[in-house]
Q: 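My questions all concern the structure below.
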There are 2 protein chains.
Amino acid sequence: MLPTPFGALDEKSLSQMRYSIGDHVFRQGDTTKGIFFVASGGICLTRVTESGNSVTIYNAQTGDMFAEASIYSDHYHCDAICTAPSEVVRISKQAIQKQLREDTAFSEGITKRLAVQVQDYRQLLTLRAVKSANDRVLLAVELGKLTGSVTQFANQIGLTKEACYRALRDLSDQGLLTKTGRGRYAPTPRSEDRLP
Amino acid sequence: MLPTPFGALDEKSLSQMRYSIGDHVFRQGDTTKGIFFVASGGICLTRVTESGNSVTIYNAQTGDMFAEASIYSDHYHCDAICTAPSEVVRISKQAIQKQLREDTAFSEGITKRLAVQVQDYRQLLTLRAVKSANDRVLLAVELGKLTGSVTQFANQIGLTKEACYRALRDLSDQGLLTKTGRGRYAPTPRSEDRLP
DNA sequence: ATCCGAATATGATTGAAATCACATGTTACC
DNA sequence: GGTAACATGTGATTTCAATCATATTCGGAT
């Protein structure tokens with residue numbers, strides 16, 4: 001099921017797609033055809049800067065939506081690349097624009113979603129501002145950013161994978177993180193104040 | 001005059017305020033009272049992370065709005081600090097919520113603004129992902145981020161002022177930037193292909 | 001007019017992350 | 001089963017921005 005407020009849309013405005021690892025859902029510069037929902041799998045949004053650097057903008061996992069801002073853009077400004085075998089629902093741009101005009105609740109839902117996205121980006125910026133690799137990795141893990149591979153995680157938080165592995169090891173040694181498996185780390189539960 | 005779609009609002013929902021350098025318009029954690037428009041001056045939005053680092057989120061100049069996403073938040077999640085003697089218009093949160101329910105065009109305008117803000121944050125993230133100080137500074141200047149002081153600029157793009165000054169000098173030496181005055185730099189106009 | 005604080009500017013040193021290099025482990029596919 | 005591709009993990013070296021230090025200039029306040 002699609003997240004609010006997209007449940008209000010007609011079935012005809014949706015198209016189910018399948019992607020394999022490495023497939024492009026869309027490319028930077030493509031004309032916008034709609035916004036997307038990840039039914040299962042993972043889609044990574046990356047942008048190539050003028051200098052040729054590649055930046056991960058967003059790592060959409062199962063249940064996430066992406067390219068929401070494209071309703072008001074003529075073309076996508078990043079690449080959407082499949083990182084795991086994925087089922088993706090495309091929601092037609094025309095249908096959204098029609099619904100926006102006709103359905104107040106739908107419109108409000110969209111606005112709220114965008115507001116949340118703004119806050120998410122702010123969080124990411126806050127994270128990126130942490131200079132120390134160890135502090136950054138710790139904060140990122142605590143924020144639940146380490147879902148997929150460490151390589152992806154490293155890219156998302158703006159570190160090399162090597163620096164990331166080292167930070168994960170250091171933090172585990174310090175007891176701030178607990179290694180729960182190969183490439184799996186979780187915050188060590190803090191001893192909470194409890195009533196006696 | 002307020003930017004679209006805020007012209008539709010009643011005069012009663014606006015309050016004009018004056019701030020001096022260093023004044024707080026609001027603080028991180030304050031309950032949200034509305035969103036703001038900079039009639040003149042400059043307001044800097046900074047956020048303090050758990051580790052005590054301070055991040056510049058946004059540098060609102062004359063004609064800019066800020067705290068737009070606060071419509072859907074109970075409290076502000078950053079500090080708004082005045083960086084130049086400023087006249088600021090506060091737009092009541094209640095009035096906005098009322099208008100959102102009653103006026104479709106207003107609602108659409110708000111949504112569009114948020115979509116643009118999402119893109120702005122993406123741009124900032126892209127900028128922050130550039131590792132080389134020189135490349136980052138060049139890109140930032142080309143994006144028109146160097147409006148106020150170099151110190152502010154440095155903070156906004158995530159570099160120390162020293163690194164920033166050095167990059168500005170290097171880029172000027174390389175001819176990629178032109179020094180137009182003390183603390184003033186502009187991109188050197190590229191030789192465009194012209195019809196013969 | 002001058003005193004103070006902040007911004008501009010640059011040089012020297014240092015420290016931490018990037019880079020390079022490489023070993024092992026895992027998965028998927030022919 | 002073999003192997004290709006990629007993720008995990010760590011060590012050695014280099015690089016480049018942060019930091020420390022310091023001089024100068026500018027603007028505002030007294």
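In what follows, chains carry the letters A, B, and so on, assigned in the order in which the sequence lines appear, proteins first and then strands, with residues in each chain numbered from 1. This one's a predicted model, so the numbers in the text were calculated from it and none came from an experiment.
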Q: Taking atom OH of B/Tyr76 and atom OG1 of B/Thr31, what is their separation to the nearest 0.5 Å?
A: 8.0 Å
Q: Can you check whether A/Gln99 reaches A/Ser13 side chain to side chain, under 4.5 Å on heavy atoms?
A: no
Q: Identify whether any heavy atom of B/Arg169 sits under 4.0 Å from a base atom; if not, whether one sits that close to sugar-phosphate; answer base, sugar-phosphate or nothing.
A: sugar-phosphate
Q: Using a heavy-atom cut-off of 4.0 Å across all strands, would you classify B/Thr160 as base, sugar-phosphate, or nothing?
A: base
Q: Just the rounded figure in Å: distance from P of C/dT8 to CZ of B/Arg184.
A: 9 Å
Q: Among the candidates C/dA18, D/dA21, D/dA7, find the nucleotide nearest to the side-chain atoms of A/Leu159.
A: C/dA18
Q: Starting from the first five and the last five pairs of the helix from C/dA1-D/dT30 to C/dC30-D/dG1, work out the angle between the resulting helix axes, to 10 degrees.
A: 40°
Q: Same cluster for A/Met17 and A/Met65 if Ile/Leu/Val/Met/Phe/Trp/Tyr side chains link at under 4.5 Å?
A: yes
Q: Tell me the closest heavy-atom pair linking A/Ser107 and A/Leu100, and the distance in Å.
A: CA-CD2, 3.7 Å
Q: Using atom CG of A/Asp135 as one end and atom P of C/dA16 as the other, report the distance to the nearest whole Å.
A: 11 Å
Q: Is the distance from OP1 or OP2 of C/dT8 to the nearest side-chain N or O of B/Tyr165 less than 4.0 Å?
A: yes
Q: Would you say A/Phe36 and A/Ile81 are hydrophobically clustered, going by side-chain heavy atoms of ILVMFWY under 4.5 Å?
A: no
Q: Without decimals, in angstroms, what is the distance between A/Glu162 CD and D/dC6 C1'?
A: 14 Å
Q: Would you indicate, yes or no, if D/dG9 has its OP1 or OP2 atom less than 4.0 angstrom from a side-chain nitrogen or oxygen of A/Arg182?
A: no
Q: How many whole angstroms separate atom CG of B/Asn134 from atom P of D/dA17?
A: 7 Å
Q: Choose from C/dA17, C/dG11, D/dT8 the nucleotide whose nearest atom is closest to any side-chain atom of A/Ser132.
A: C/dA17
Q: Among D/dT8, C/dT10, C/dT8, find the nucleotide with the atom closest to the side chain of A/Ser149.
A: D/dT8
Q: Please pick, from C/dA9, C/dA18, D/dT19, the nucleotide with the shortest atom-to-atom distance to any side-chain atom of B/Lys179.
A: C/dA9
Q: When you group the ILVMFWY residues by side-chain heavy-atom contacts below 4.5 Å and let the links chain together, are A/Ile96 and B/Val116 in the same group?
A: no
Q: What's the CG-P distance between B/Leu168 and C/dA7, to the nearest Å?
A: 16 Å
Q: Figure out the OH/P separation between B/Tyr185 and C/dT8, and round it to whole Å.
A: 9 Å
Q: Can you see if the side chain of B/Thr151 gets near the phosphate of C/dT8 - specifically, an N or O under 4.0 Å from OP1 or OP2?
A: yes
Q: Start with the C-alpha gap between A/Val141 and A/Leu168, add the side-chain angles, then the distance that decides, and say whether side chain to side chain contact (heavy atoms under 4.5 Å, CB included) holds.
A: CA-CA 9 Å; A/Val141 172; A/Leu168 287 167; 4.3 Å; yes
Q: Nearest to the side chain of A/Lys161, heavy atoms from C-beta on, is which of D/dT8, D/dA12, D/dA18?
A: D/dT8
Q: Taking donor-acceptor contacts at under 3.5 Å, does the side chain of B/Arg166 reach the base of C/dT8?
A: no
Q: In whole Å, what is the span from the CG atom of A/Asp170 to the P atom of C/dG15?
A: 17 Å
Q: Could you tell me how far apart B/Arg136 (CZ) and D/dA17 (P) are, to the nearest whole angstrom?
A: 9 Å
Q: Is A/Leu143 reachable from B/Leu125 through a run of I, L, V, M, F, W or Y residues, each pair having side-chain heavy atoms under 4.5 Å apart?
A: yes
Q: Counting side-chain heavy atoms from C-beta on, which of C/dC20, D/dT19, C/dA7 comes nearest to A/Lys131?
A: D/dT19
